Protein chains: 2
Amino acid sequence: MSTVDRALVLLDLFSEAMPESGLSELARLAGYDKATTRRFLISLGNHGYVEQDPETKKYRLGAALLRLAHVRETTFPVTDLVLPLLNGLRDETGETTHFSLAAGNSMATMMIAESPRANRVSLETGERLPLHCTASGIAWLAFAPEKTVQRLLAKPLKAQTKHSEIDPTRLRELIGAARECGIAVADQSYEDEVHGIAAPVFDHNAQASGAIAVATPVSRITPETSRQIKAAVYKAALDITKALGGLPDRGFYECQKVDLQ
Amino acid sequence: MSTVDRALVLLDLFSEAMPESGLSELARLAGYDKATTRRFLISLGNHGYVEQDPETKKYRLGAALLRLAHVRETTFPVTDLVLPLLNGLRDETGETTHFSLAAGNSMATMMIAESPRANRVSLETGERLPLHCTASGIAWLAFAPEKTVQRLLAKPLKAQTKHSEIDPTRLRELIGAARECGIAVADQSYEDEVHGIAAPVFDHNAQASGAIAVATPVSRITPETSRQIKAAVYKAALDITKALGGLPDRGFYECQKVDLQ
DNA sequence: AACCATTGGTTCATATAATGACCCATATAT
DNA sequence: ATATATGGGTCATTATATGAACCAATGGTT
């Protein structure tokens, strides 16, 4: 991994859950030496991508990112392309849908279309969800580079609920199953009462870059609704991939033939 | 300059005016070897900060930036803090105001509050303005590190209008004057008929990080309106600096005593 | 008040990773 | 057909990144 890569990892560490952090903590999280971490932070700071609070000495993301995001969005408006499709999926299923991108060791929620129902799953833009116990995460892992999967399964994983699967070999099976049928299911493995169904979205290299998911109160899941949602999610994943100029993995196409239970 | 710094320079090259670019062009603009540039782009791409169009092979800013900007904005909402003050300055002067951050060799427009008048100056968020012939640019240069000024003046500069000053020694004088009174004036030096009055905004290290400016049709500029706007801009610059947790340069405070013409 | 465990920050000999001249295939002008 | 772009890749040389050890300062604990 190049020096530049290592420096950029620091940016990935920041999230809504951890919007600012100290030098030692960042070094620990990234697994770098303190001196190295500090040099990286200074370089990032030179360009306005991080700033340091003069009081607390903590580092946070910098204002220059707003400019870049603005250029990106006015130039290549992902939101404009994806949101209508996400809304369509929401209307079709009647349930909350969301689009997320893989970011470091988690999925970052980029867009949400909430269900109109009173009893619905609700989440927030920017939320970061763990890979191993969410439908989106499993769907992404199923088409992610093998090395990424290995690295994730090597570490000890945290169970979010009593339904969470944290055994590496069992997780391998789940990932394998998702790869088989192009769809991942997470039944209350991230939060009790919440059922997730997700499919990967691909970039132009046929690499999974993110995922779309439908999140449902578990009470509304029946064999019928499940089948219906799976079919809708599968189709929407293809549509969004296409809208973003991506190319689905070869194997993903063949999933159409698989009986979606 | 460290390797990481050099890689990050590539991100700064992208703008609304140049939202995507090829390998050779980027290498040329940054002054790097093609191989080096390519390695940087790949590293940036690994983290989603740039992407490559598979057709044209051109590179553009990546989607991961949206996540970072989102975290930054929900965590440390600059817009929420600055926009009200910018609106206040607009209301006070009746003219279009904007806030910009220094980014590479230009000022990047971050926020705008447009004048309600029919005959008004109009600009766009994200626009990048040259340093040497805009009020914002001069205001920033006046309190920027000496090395930055030297580097800028070393290169040949482009005249935007027949009023643009491009002679290094004359520009030095303009910058010096701006440093004296904390205010920079640009009379039709970027665009004919447009008059700009700007003051720097400082970060927590008392370094100029950006500027606010009032842009006026030159027809409405009289000694009186000019004096009034200068006073308002000066005060707003202090307010915004404070709102952002910044600390004005020592010299900037003393400008209050200077007669603003 | 002495103690230990943190923190942010710094130094410098060593080892590792960055560099760029050179090469290739392809595409678009002349 | 020749010249000059382009994106991409290789590899010996060299410059840069690295991290153990080191401060000074802060904040609990005993």
Side-chain angles (χ1 to χ4, degrees), chain A residues 1-14 18-62 76 145 147 151 203-207 245-247, chain B residues 1-14 18-62 76 147 203-207 245-247:
Chain A
M1 202 187 255
S2 76
T3 305
V4 176
D5 272 294
R6 290 158 58 79
L8 293 175
V9 166
L10 291 178
L11 288 182
D12 291 336
L13 295 176
F14 292 95
M18 190 193 84
E20 56 175 19
S21 182
L23 173 62
S24 295
E25 191 180 13
L26 286 168
R28 219 178 303 118
L29 289 170
Y32 306 153
D33 185 86
K34 262 198 309 174
T36 301
T37 306
R38 182 145 198 282
R39 275 181 300 106
F40 289 165
L41 287 170
I42 288 175
S43 290
L44 291 166
N46 288 338
H47 295 262
Y49 300 137
V50 299
E51 345 175 299
Q52 187 178 28
D53 189 302
E55 301 279 306
T56 64
K57 304 288 180 187
K58 283 178 186 286
Y59 297 86
R60 61 165 173 259
L61 294 174
F76 197 78
K147 273 202 298 185
R151 215 179 309 137
D203 66 15
H204 47 75
N205 294 319
Q207 285 283 322
L247 186 72
Chain B
M1 203 187 254
S2 75
T3 305
V4 176
D5 271 293
R6 291 158 56 79
L8 294 175
V9 165
L10 292 178
L11 288 182
D12 291 336
L13 294 176
F14 293 95
M18 191 193 85
E20 55 175 21
S21 181
L23 173 61
S24 295
E25 190 179 13
L26 287 169
R28 218 177 305 118
L29 289 170
Y32 307 153
D33 185 89
K34 263 196 309 174
T36 301
T37 306
R38 183 144 199 284
R39 274 181 301 106
F40 288 164
L41 287 168
I42 288 174
S43 289
L44 291 166
N46 286 340
H47 294 262
Y49 300 136
V50 298
E51 337 174 309
Q52 187 179 28
D53 189 301
E55 299 280 306
T56 65
K57 304 290 180 186
K58 282 177 185 288
Y59 296 87
R60 62 167 172 255
L61 294 174
F76 196 78
K147 274 202 297 185
D203 66 14
H204 49 74
N205 294 319
Q207 285 283 323
L247 186 70

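Computed from a predicted model, the values in this text were never measured in an experiment. Lettering of chains follows the sequences in order, A, B, ..., and the numbering in each one begins at 1.
Taking atom CG of A/Leu41 as the reference point, atom P of D/dT18 lies 13 Å away to the nearest angstrom. The separation between B/Lys57 atom NZ and D/dG9 atom C1' is 14 Å, rounded to whole Å. The nearest whole Å value for the distance from the CG atom in A/Asp5 to the P atom in D/dA17 is 14 Å. With rounding to whole Å, A/Lys34 atom NZ is found 11 Å from D/dG19 atom C1'. Per the geometry, CD belonging to A/Glu55 stands 13 Å off P belonging to D/dT26, to the nearest Å. Taking atom CG of residue A/Asp33 and atom C1' of nucleotide D/dC22, one finds them 12 Å apart after rounding to whole Å.
Protein chain B contacts DNA chain C from C/dA18 to C/dA21, reading 5' to 3' and using non-hydrogen atoms of the protein with a distance under 4.0 Å.
Note: A/Arg39 CZ to A/Arg6 CZ = 9.0 Å, rounded to the nearest 0.5 Å. The CG atom of A/Leu8 lies 11.0 Å from the CG atom of A/Leu13; values are rounded to the nearest 0.5 Å. Here CD of A/Gln52 is found 7.0 Å from CZ of A/Arg38. Values are rounded to the nearest 0.5 Å. Distance CG/B/Leu10 to OH/B/Tyr49: 15.0 Å, rounded to 0.5 Å.
A 4.5 Å side-chain heavy-atom check between A/Asp12 and B/His47 finds at least one atom pair inside the cut-off. Here the side chains of A/Leu26 and A/Leu23 are not in contact, with every heavy-atom distance at 4.5 Å or above. For the pair A/Asn46 and B/Met1, the minimum side-chain heavy-atom distance is 4.5 Å or more.
Panel note: side chain B/Tyr32, backbone B/Phe40; no donor-acceptor pair is recorded below 3.5 Å. B/Glu51 places no side-chain N or O within donor-acceptor distance of the main-chain N or O of B/Arg60, the cut-off being under 3.5 Å.
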Just the table, please: protein N/O against nucleotides 11-16 of chain D N/O, every pair under 3.5 Å.
residue: D/dT16; atom: O3'; partner: B/Thr3; partner atom: OG1; Å: 3.3

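Shown here for A/Lys58 and A/Gly22, the closest heavy-atom pair between the two residues is CG-N, 4.0 Å. The two residues B/Ser21 and B/Glu25 have their closest heavy-atom pair at OG-OE1, 2.9 Å.
For the helix from C/dA1-D/dT30 to C/dT30-D/dA1, the angle separating the two terminal helix axes comes to 30°, with each axis derived from five pairs and the value rounded to 10°.
The side chain of B/Arg39 places no N or O atom within less than 4.0 Å of a non-bridging phosphate oxygen (OP1 or OP2) of D/dG9. The shortest distance between the side-chain N/O atoms of B/Tyr59 and the OP1/OP2 oxygens of D/dT6 is not below 4.0 Å.
Along DNA chain C, the nucleotide nearest to A/Val4 and the one nearest to A/Arg38 differ in position, and the one closer to the 5' end is contacted by A/Arg38. Both B/Ala35 and A/Ile42 sit near DNA chain C, but only A/Ile42 has its closest nucleotide nearer the 5' end.
No side-chain N or O of A/Thr3 forms a donor-acceptor pair with one of B/Thr3 less than 3.5 Å apart.
With sequence neighbours excluded, no residue forms a side-chain hydrogen bond (donor to acceptor under 3.5 Å, both in side chains) with B/Thr37. For A/Asp33, there are no salt bridge (Lys or Arg N to Asp or Glu O under 4.0 Å) partners two or more places apart in sequence or in a different chain.
Within residues 43-52 of chain B, no residue has any heavy atom under 4.0 Å from DNA chain C.
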